[in-house]
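Beneath this line is the structure, given in structure tokens, with notes to follow.
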2 protein chains.
Amino acid sequence: MRTVEEHVDTILSSLPTLESIELAVLDAQGLLCGEEVVSSTMLPAFDHSSIDGYAVRRADLKNASPDEPAHLPVVAEAEPGSREQRNVSPGSAIRIFPGALLPGGADAIVPLAWTDRGVARVNVVRCPPAGAYIRRAGEDVQPGDTAVNVGTPIGPAQVGLLAAVGRVRVQARPRPRVTVLSIGSELVDVGTTPEPGELVDVNSFALSAAARDAGGAVYRAGSVPANRDRLMSTLEAQLLRTDLLILSGGFASGSFDVVSECLSELGQVEYSRVAMQPGMPQGFGVIGEREVPVICLPNDPVSALVSFEVFARPAIRHMLGKKRLFRPMTKAAATEHLNSPAGRKQFRRGLLMRHPDGGYVVSPVGGAGAHLLFSMAQANCLIVIPEDVTEVTEGANVSVMPLVLGS
Amino acid sequence: MRTVEEHVDTILSSLPTLESIELAVLDAQGLLCGEEVVSSTMLPAFDHSSIDGYAVRRADLKNASPDEPAHLPVVAEAEPGSREQRNVSPGSAIRIFPGALLPGGADAIVPLAWTDRGVARVNVVRCPPAGAYIRRAGEDVQPGDTAVNVGTPIGPAQVGLLAAVGRVRVQARPRPRVTVLSIGSELVDVGTTPEPGELVDVNSFALSAAARDAGGAVYRAGSVPANRDRLMSTLEAQLLRTDLLILSGGFASGSFDVVSECLSELGQVEYSRVAMQPGMPQGFGVIGEREVPVICLPNDPVSALVSFEVFARPAIRHMLGKKRLFRPMTKAAATEHLNSPAGRKQFRRGLLMRHPDGGYVVSPVGGAGAHLLFSMAQANCLIVIPEDVTEVTEGANVSVMPLVLGS
């Protein structure tokens with residue numbers, strides 16, 4: 001039996017790095033930048049006013065005061081978007097708007113509040129400091145500056161900065177294409193009424209949602225029976241177009257022979273008993289000419305979702321290039337006594353709540369059964385009890401992995 | 001001048017509630033459930049085995065021990081997916097696989113580990129407890145149980161549970177359709193080289209990314225000049241198909257007349273000076289026959305993004321039906337002295353870091369200029385300094401709004 005950490009390490013150390021691809025800037029949102037984006041231009045590109053006001057020569061306003069305002073003729077208007085390079089001659093002013101090219105000769109902008117807002121002539125009651133309300137070309141970014149670096153997550157500000165330096169497209173680490181497939185002869189698709197003995201394919205839905213939440217570009221391949229020909233043709237079709245295969249089911253002795261035979265014909269897949277509850281049977285390998293990693297998860301919906309959290313989510317984040325592969329953990333006081341099997345790391349569904357006196361408390365939700373999807377849907381965290389702990393007393397601190405961040 | 005909170009309240013109290021719509025279950029991921037989904041079936045739908053083993057009558061195994069195993073003929077195999085309802089007659093066993101229909105008469109499953117794995121006959125060395133490894137129909141969900149409630153966020157477990165109760169589609173609170181438009185005669189689209197006086201339209205990109213991050217279904221309408229006909233036709237076209245309009249720019253006296261004239265022809269929009277830095281000029285109103293809310297943000301990219309965080313993000317989350325409209329705040333020790341204008345709430349770009357001794361420290365990034373997009377892209381938080389605070393001494397605690405959750 002291997003530990004959870006050993007199985008995580010096996011998976012993470014075998015994942016390929018996806019080459020960066022060129023994407024439209026908005027399509028790169030949420031991804032990591034795949035190139036050093038060096039600005040070839042200055043930002044701002046030209047000196048301009050940041051406010052509504054008058055472009056002036058300060059020498060003309062030296063003695064301006066509310067009692068003795070300076071009187072200046074307004075010789076022009078400088079509008080944003082106008083390419084006309086105007087000039088303020090000594091003893092005059094130019095009405096200017098935010099974003100407009102700074103007229104030649106101007107060394108400050110007078111805000112409207114210090115004037116009588118005159119149109120043909122303006123009275124100014126104060127002399128602004130040198131450079132007031134002038135934004136200088138290149139103040140933000142100089143040619144040769146790195147605007148966005150390799151590995152930087154592309155959020156709204158980066159999207160804006162990329163546009164500002166003229167980039168329509170950018171190299172980014174792509175979302176891994178993730179194919180999700182359920183295996184089992186008992187599975188029928190949702191929407192059909194299952195006969196006794198048949199089960200609705202829950203996992204291809206739940207795991208697709210989880211894989212998308214982790215950042216994958218997901219294709220839900222649905223379910224296939226544990227039948228050699230059907231499984232082989234589905235796998236072969238998917239291997240051409242996917243970066244990561246997530247299979248659930250196929251561990252029971254009835255179907256294991258079929259599944260393991262198909263996978264070993266296509267590559268190397270290793271099955272392990274992992275010291276955890278739920279989710280003991282796990283598999284991982286690399287199949288097909290393109291050496292696509294395949295993660296085999298157990299069949300029961302709760303085992304599948306918990307195993308996804310523990311193994312597949314970090315794998316998808318690793319393929320995205322993220323640095324934080326694992327969900328942040330927190331501590332909470334258990335509201336009741338908890339038992340855990342010796343030698344297995346237990347992942348128990350829990351409800352994490354703020355305690356009015358500060359800190360967190362956590363209650364287990366539902367029983368231990370790996371088929372109890374209802375309680376999985378009630379839970380907002382997993383309580384993680386280490387291998388060497390068999391009892392947690394009421395009020396003791398336990399490790400908790402919150403699954404949802406806010407609602 | 002109104003406070004930030006007053007402007008937030010004005011916006012939030014005027015937003016419409018979007019009717020729930022029917023979506024494919026996987027398309028509802030991340031949204032709130034819009035209906036009470038009541039299960040009409042039992043989960044599991046039938047009694048079945050949870051393991052590989054043998055279905056038995058415990059009466060036949062009473063005295064089974066390693067020394068004196070019980071010998072039972074294996075009369076059949078129960079495979080998952082088979083609809084055949086088998087029966088265990090007294091003194092016999094049926095080989096069974098996980099998920100397979102429980103044979104009539106069986107009152108426990110014997111795991112393989114307690115047997116010699118016999119095919120025609122099996123030796124059993126222990127008697128399992130009553131009901132061992134049997135999952136009973138309805139253990140998880142009963143007909144009439146609420147599987148997913150109104151207002152529940154639909155995550156992977158809910159997607160699975162919806163599939164399990166047979167739902168292909170579900171009513172959900174839709175993503176608001178958000179149209180993002182920049183206004184300014186100086187704006188040119190990214191990819192064209194701006195002439196002196198012209199600016200690349202950054203805001204329609206950055207705000208589109210921010211609106212998508214907030215949960216909107218975003219249409220980037222690009223930029224229009226402050227020209228009555230162009231603006232009116234763009235607004236009229238968008239009003240037919242959007243739930244929220246986000247405009248940036250148009251506050252400078254040069255273009256304000258045009259923008260305010262167009263908007264007041266279409267509805268009621270109020271412009272306010274809000275006691276904040278950056279982002280003092282703000283607008284909000286409702287326009288068009290469908291009474292579409294319109295949020296007017298300032299023109300400078302940093303002002304626009306900060307104002308989006310403060311006003312538009314909570315608005316989008318409100319329209320999604322989310323309970324937590326605002327980003328969680330935290331406290332951090334300032335690494336340097338900070339000044340803030342009296343009577344204005346300052347939102348300063350900052351870099352929030354964990355302190356090795358615990359807690360957080362925060363450093364301001366870049367200057368105060370609202371055009372300094374580069375420092376906005378370096379920041380991972382906003383430092384929020386209240387209206388009545390003009391100085392924060394080095395080491396003092398400040399409120400911080402983290403902008404990104406992990407990378």
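We use all heavy atoms of the structure for the numbers below, so side chains are in, but hydrogens, waters and symmetry mates are not. Just so we're on the same page: letters track the sequence lines, and every chain starts at 1.
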A:P301 portion near chain B, given a 4.5 angstrom heavy-atom threshold | neither
Region of B:A147 in contact with chain A, defined by heavy-atom distances below 4.5 Å = backbone
Residue A:D300 versus chain B: region with a heavy atom under 4.5 Å | side chain
Check whether B:H48 gets within reach of chain A through its side chain, its backbone, both or neither, counting any heavy atom under 4.5 Å.
-> neither
At their closest point, which heavy atom of B:D47 faces which heavy atom of B:A137, and how far apart are they?
-> OD1-N, 2.8 Å
Side chain, backbone, both or neither of B:A210 within contact of chain A (heavy atoms, under 4.5 Å) = both
Using the test side chain to side chain contact (heavy atoms under 4.5 Å, CB included), find all partners of A:Q142 that sit at least two apart in sequence or belong to another chain.
-> A:M42, A:D145
Bottom line for B:V141: the part with an atom under 4.5 Å from chain A's heavy atoms is side chain
Which of the residues B:P44, B:A157, B:P98 is involved in the greatest number of heavy-atom pairs with chain A at under 4.5 angstrom?
-> B:A157
Step-by-step side chain to side chain contact (heavy atoms under 4.5 Å, CB included) determination, B:L26 to A:S208 | CA-CA 8 Å; B:L26 271 174; A:S208 289; 4.1 Å; yes
Check the side chains of A:T146 and A:N149 for a donor-acceptor pair under 3.5 angstrom, ignoring hydrogens and angles.
-> no
So, for B:V170 and B:C33, which heavy atoms are closest and what is the spacing to 0.1 Å?
-> CG2-SG, 4.0 Å
Hey, which of A:A100, A:G160, A:G155 has the most heavy atom pairs under 4.5 Å with chain B?
-> A:G160
Would you say the side-chain atoms of B:E77 pair up with the backbone N or O of B:R95, donor to acceptor, closer than 3.5 Å?
-> no
Could you look at B:R169 and say if it's the side chain, the backbone, both or neither that has a heavy atom under 4.5 Å from chain A?
-> neither
Begin from the C-alpha positions of B:R86 and B:I96 and carry the test side chain to side chain contact (heavy atoms under 4.5 Å, CB included) through to its verdict.
-> CA-CA 11 Å; B:R86 299 173 187 283; B:I96 195 165; over 6 Å; no
Applying a strict 4.5 Å limit to non-hydrogen atoms, the region of A:L161 in contact with chain B is both
Lys/Arg N to Asp/Glu carboxylate O, A:D213 vs A:R313, below 4.0 Å | yes
Which of residues 185-197 of chain A have a heavy atom under 4.5 Å from any heavy atom of chain B?
-> A:S185, A:E186, A:V190, A:G191, A:E195, A:P196, A:G197
Could you tell me whether the side chains of A:S182 and A:N203 share a donor-acceptor contact shorter than 3.5 Å?
-> no
Hey, are B:R327 and B:E309 close enough for a salt bridge, meaning a charged N less than 4.0 Å from a carboxylate O?
-> yes
Answer key: most heavy-atom pairs under 4.5 Å with chain A among B:V168, B:L102, B:V302, B:T152 is B:V168
Tell me, side chain or backbone of B:F46 under 4.5 Å from chain A's heavy atoms, or both, or neither?
-> side chain
Partner of A:R349 under side chain to side chain contact (heavy atoms under 4.5 Å, CB included), chosen from A:N380, A:L403, A:L372 | A:L372
Largest heavy-atom contact set with chain A, pairs under 4.5 Å, which of B:E84, B:R135, B:Q85, B:Q158 | B:R135
Give a yes or no on this: more than 12 heavy atoms of other residues, nucleotides or ligands lie within 6.0 Å of atom OH of A:Y133.
-> no
B:V37 vs B:V165 side-chain heavy atoms within contact, under 4.5 Å | yes
Between B:R83, B:E198, B:R167, B:E139, which shows the greatest number of heavy-atom pairs under 4.5 Å with chain A?
-> B:R83
